[in-house]
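Numbers restart at 1 for each chain; the letters A, B, ... are given by sequence-line order, proteins then strands.
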Amino acid sequence: MGHRFVLDGPEELIAYECDACLLIKNAPEIVVLPKTTQEVSQVVSFCHTHKIPFTARGAGTGLSGGALPLKGGVLISLNRMDQILEIDTENHTATVEVGVVNAHLNQALEATGLFYAPDPSSQSACTLGGNIAENAGGIHCIKYGVTTDHILALEVVLPDGKITRLGGKTRSSHGLNLIGLLVGSEGTLGIITQATVQLTPKPTEIRAYLATFSTIESAGNAVSQIIASGLIPSALEFMDAFTVKAVNQAYDIGFPEDSEAVLLIELDGTLHVVLDQEDRLMAILSENNAQQTRSAQTAEDRQAIWAARKGAVAAYGRFQPAFYLHDTVIPRSELTSVLKKILAIGKKHQILIGNVFHAGDGNLHPNILFDPDDADMLQRILKGGEEILDVCLQAGGVLSGEHGIGIEKSKYMSRLFSEADLNKMKQIKAAFDPQQLSNPLKIFPIRAGCGETHLSISNPLLTTGGAWI
Amino acid sequence: MTFSEPSTPLPSTNSLLNSLKSCIHCGFCLPVCPTYKVTGSEVESPRGRLYLLKHMLQDAKNESDEPNEHLQPKQIEPHLSQCLGCLACETACPSGVPYGDILHQSQKMFLTQKNPFIRHLKRFFFQTVLPNSNLLQFGAFWLRLYQKAGLQRLVRFSNVLSLLPLIQHYEALIPPIPQHKPFNIGMSFGNPEHERVALFTGCIMDVMYNSVHWATIKALVNNGYYVTLPEQTCCGALAYHGGEDDIAKKLARKNVLSILRSQPDWVITNSAGCGSTLKDYTKLLANDGIYAEKSRLFSEKTVDIMALLAKKPLKPCRLPIPQTVAYHAACHLHHAQGIINEPENVLHQIEGLTLLPLKDAAFCCGSAGIYNLEHPELSNDILAEKIRHIEATQAQTLVTGNPGCLLQITKGLQENANPMRIAHPIELVAESYSK
């Protein structure tokens with residue numbers, strides 16, 4: 001692979017000890033930067049033979065610690081595998097190496113009239129491999145679906161180093177749906193090295209709107225009513241007042257700061273369809289007492305709005321050096337009541353919470369801001385975070401909509417799944433990876449005292465029952 | 001040769017740690033970082049560099065831990081010194097990390113890690129050679145002679161320097177030194193009744209791209225400005241970026257005093273690197289007595305030539321320029337000064353000229369001051385990326401507003417034997433006023 005692409009200096013390893021989730025850290029023992037599937041296969045074969053754990057990483061923008069090498073071992077960073085191998089405009093597919101940055105694929109598609117729909121907020125930096133591993137979503141997924149709905153074929157290096165290809169350029173339904181299994185498996189079943197993705201024709205008319213509300217309740221009700229009415233906007237996003245302030249500082253975009261909640265809404269389709277939807281949307285907004293409603297005048301304005309929305313979470317860095325966010329999805333009818341409870345939890349524990357999320361999907365993102373150096377604050381945010389999770393799960397929610405379980409949410413898996421369910425999942429994992437080498441200790445809860453005491457990590461997020469390892 | 005010992009105060013750990021806290025580790029800076037792009041390593045990315053710096057400073061504070069496991073400055077310094085300082089990460093950063101300031105503070109901190117001989121050589125160059133235009137012209141004269149009299153061809157043909165590979169490497173980097181049409185301090189051009197601009201000529205810019213100054217004067221006079229050439233010296237950019245603040249300050253004070261004395265409405269630069277340093281004088285001289293206020297005034301008046309011309313519609317040109325043109329955005333214009341659309345807006349007004357889009361136009365070309373001398377391999381990898389995109393435009397002319405970029409891209413295109421013309425955008429503006 002060349003010495004230049006193998007990193008083992010102490011400082012080089014430290015740079016890889018976490019991804020965008022700053023709560024849990026562990027450095028790898030070596031980092032490799034392969035350029036080809038064959039190189040990945042050679043590294044994985046070596047690990048298989050010598051029983052060395054390995055973990056794949058893309059751009060390290062993940063929020064659940066998916067790229068964290070919890071058992072050390074080899075970190076396989078795939079960002080140099082960044083070639084777009086084919087764009088097939090007739091069949092509406094693109095075949096890419098997994099290190100391609102999500103936004104770069106869309107830039108390459110600009111002239112084709114097609115686009116790749118899943119657009120996580122980190123789209124300007126995150127890689128498609130990471131998107132596939134975590135089954136990423138994004139603001140446009142309410143209409144176009146999440147990553148798994150767009151994957152037609154995968155090339156995978158299995159945990160024994162063998163290379164296999166699944167799927168083709170068409171949808172298929174023969175045999176077990178292994179592609180469905182691999183998308184969202186968080187690197188625990190092998191390492192995906194190439195993918196063929198489904199592209200979507202760009203709509204001819206796209207319009208974006210901004211509506212402000214004096215209460216969170218009225219904004220939440222507007223969302224519920226939009227969904228109930230049968231409208232399918234291409235985006236329906238919620239921002240609270242605090243987030244608006246952060247975004248305005250970062251992007252100078254001039255979102256109104258005199259309201260409690262802002263909804264960002266996009267409609268797309270043919271002009272005829274959009275005009276019809278617009279009438280219905282405006283009626284619902286005014287019925288729910290929207291204070292003001294604006295529309296983006298130009299395509300540039302619209303793009304600026306979405307760029308600002310996508311930078312919102314990172315813009316919190318202007319207030320605190322780290323954030324801890326949940327990714328629960330709740331029934332959309334419960335939005336208002338859950339949001340109010342989240343705000344009350346923030347008050348109770350004196351923690352700063354910014355809410356910016358995919359309201360149309362019911363996919364909440366309460367961002368709890370904190371300073372990792374403040375031990376007392378850390379305790380408060382962990383406590384508050386747990387209470388938020390309780391509220392969401394009680395409302396019929398699930399743990400993750402698009403960020404994956406990783407290590408940051410694994411402790412809570414047993415809240416959602418029975419022992420029997422988890423065991424079935426573990427059997428599937430064992431069928432792929434009997435030696436438990438591929439991204440070990442992820443997704444499933446780690447039990448205190450179950451032989452993982454060699455870990456140099458002490459973190460309350462890791463273990464069930466609150467016991468520290 | 002005398003060495004003056006550096007007197008730069010070290011930055012406080014706490015203030016640096018506070019700046020570092022604004023990095024939330026989101027990774028938005030990765031894809032725009034040229035060194036990350038060519039190495040693939042996060043240690044060579046803004047996020048990685050900031051993370052290591054923070055780690056090191058925190059280790060140093062926690063004396064109770066095991067010190068032999070602490071990260072040491074000598075482990076971090078190489079990765080920070082491989083940073084181009086292009087500041088593309090600042091443009092991409094949603095949480096407003098002051099990367100440029102952090103880099104500058106860390107450069108000062110790491111000065112003691114550098115090879116003392118090289119450091120003193122650089123300091124001599126920064127404070128004795130660059131600010132001395134007579135010395136520069138003297139050197140340029142001999143280099144020009146070496147190139148024109150056929151000696152260079154003889155040296156290169158005979159391959160005699162293969163015995164001295166390091167010298168051969170640097171010999172190959174010497175660009176053709178053009179003829180120089182000198183200015184005299186105190187010269188002025190145009191109607192004294194008009195808005196008064198002081199032209200900042202810089203050091204390297206004046207030796208290598210003296211013709212760009214004449215083009216600047218022509219464009220300014222044709223657009224109703226009165227151009228003066230007050231006494232001045234090197235802007236100090238290389239010293240400043242190298243963390244040698246004491247030298248940069250001396251040069252800054254000289255420039256602020258003598259240029260303000262000419263009572264300009266504007267101080268004009270046509271070099272992105274000089275422009276961004278002149279604007280940074282406010283920071284450099286912030287705690288420097290009477291210079292604090294003066295430097296603020298000076299920095300406010302400083303404007304890049306293309307940004308000044310973009311303020312008003314261009315006066316109608318006399319000669320159409322029927323060329324296809326691609327614009328490379330110099331980092332120190334685009335990222336450091338936020339001058340993004342102005343150059344193209346001005347060029348757009350020239351009759352006959354067609355602007356072609358350049359992919360990743362604001363991605364560094366690898367020049368970055370003396371980076372191409374210090375890190376030739378990385379610099380060449382970054383340049384190759386740039387040249388690939390430039391060639392894909394198939395434009396007749398490539399324009400860019402910084403001498404370093406002009407030199408670097410010229411070298412890249414020459415190596416590919418590409419005959420594309422390379423110019424400063426103001427040269428096209430000036431040509432449009434020819435008869």
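- Side-chain contact check for A:Tyr251 versus B:Pro94: some heavy-atom pair is nearer than 4.5 Å.
- For B:Arg49, no part lies near chain A; criterion is any non-hydrogen pair under 4.5 Å.
- Contact annotation for A:Ser121: only backbone heavy atoms (N, CA, C, O) come within less than 4.5 Å of a heavy atom of chain B.
- To the nearest 0.5 angstrom, B:Ser41 atom OG is 4.5 Å from A:Leu7 atom CG.
- For the atom pair CG of B:Leu52 and CD1 of A:Ile14, the computed distance is 7.0 Å after rounding to the nearest 0.5 Å.
- Between B:Glu42 and A:Tyr16, the closest heavy-atom pair is N-OH, 2.8 Å.
- The candidate with the highest count of non-hydrogen atom pairs below 4.5 Å against chain B, out of A:Gly60, A:Ala103, A:Gly9, is A:Gly60.
- Only the backbone of A:Ala322 comes within less than 4.5 Å of a heavy atom in chain B; its side chain stays farther off.
- If you tally non-hydrogen atom pairs under 4.5 Å between each of A:Ser77, A:Ala15, A:Cys21 and chain B, the highest count goes to A:Ala15.
- Proximity to chain B is absent for every atom of A:Asp82, based on heavy atoms less than 4.5 angstrom apart.
- With a threshold of 4.5 angstrom between heavy atoms, A:Gln123 does not approach chain B through any atom at all.
- One distance of note links NZ of B:Lys37 with CZ of A:Arg80; it measures 12.5 Å at 0.5 Å rounding.
- Both the backbone and the side chain of A:Arg318 come within contact range of chain B, judged by heavy atoms closer than 4.5 Å.
- In this structure, B:Lys21 and A:Asp373 have side chains that are in contact, with non-hydrogen atoms separated by less than 4.5 Å.
- To the nearest 0.5 Å, the span separating CD1 on B:Ile24 from CG on A:Leu22 amounts to 8.0 Å.
- Interface residue A:Val313: only backbone heavy atoms are found under 4.5 Å from chain B.
- Rounding to the nearest 0.5 Å places CD of B:Gln72 at 11.0 Å from CD of A:Glu11.
- Using a 4.5 Å cut-off between heavy atoms, A:Cys18 touches chain B through backbone and side chain atoms alike.
- The local environment of CG in A:Asp252 is sparse, with at most 12 non-hydrogen atoms from other residues, nucleotides or ligands closer than 6.0 Å.
- Within 6.0 Å of the NZ atom in A:Lys245, the count of heavy atoms belonging to other residues, nucleotides or ligands does not exceed 12.
- The shortest heavy-atom contact between B:Gly27 and A:Thr61 is CA-CG2, 4.3 Å.
- Between B:Phe28 and A:Lys310, the shortest heavy-atom contact is CZ-O, 3.8 Å.
- Proximity to chain B (any heavy atom under 4.5 Å) is restricted, for A:Phe5, to the side chain, taken from C-beta onward.
- Here the closest non-hydrogen pair linking B:Tyr36 and A:Asn79 is OH-ND2, 2.8 Å.
- Among all heavy-atom pairs drawn from A:Ala20 and B:Cys26, the shortest one is CB-CA, 4.3 Å.
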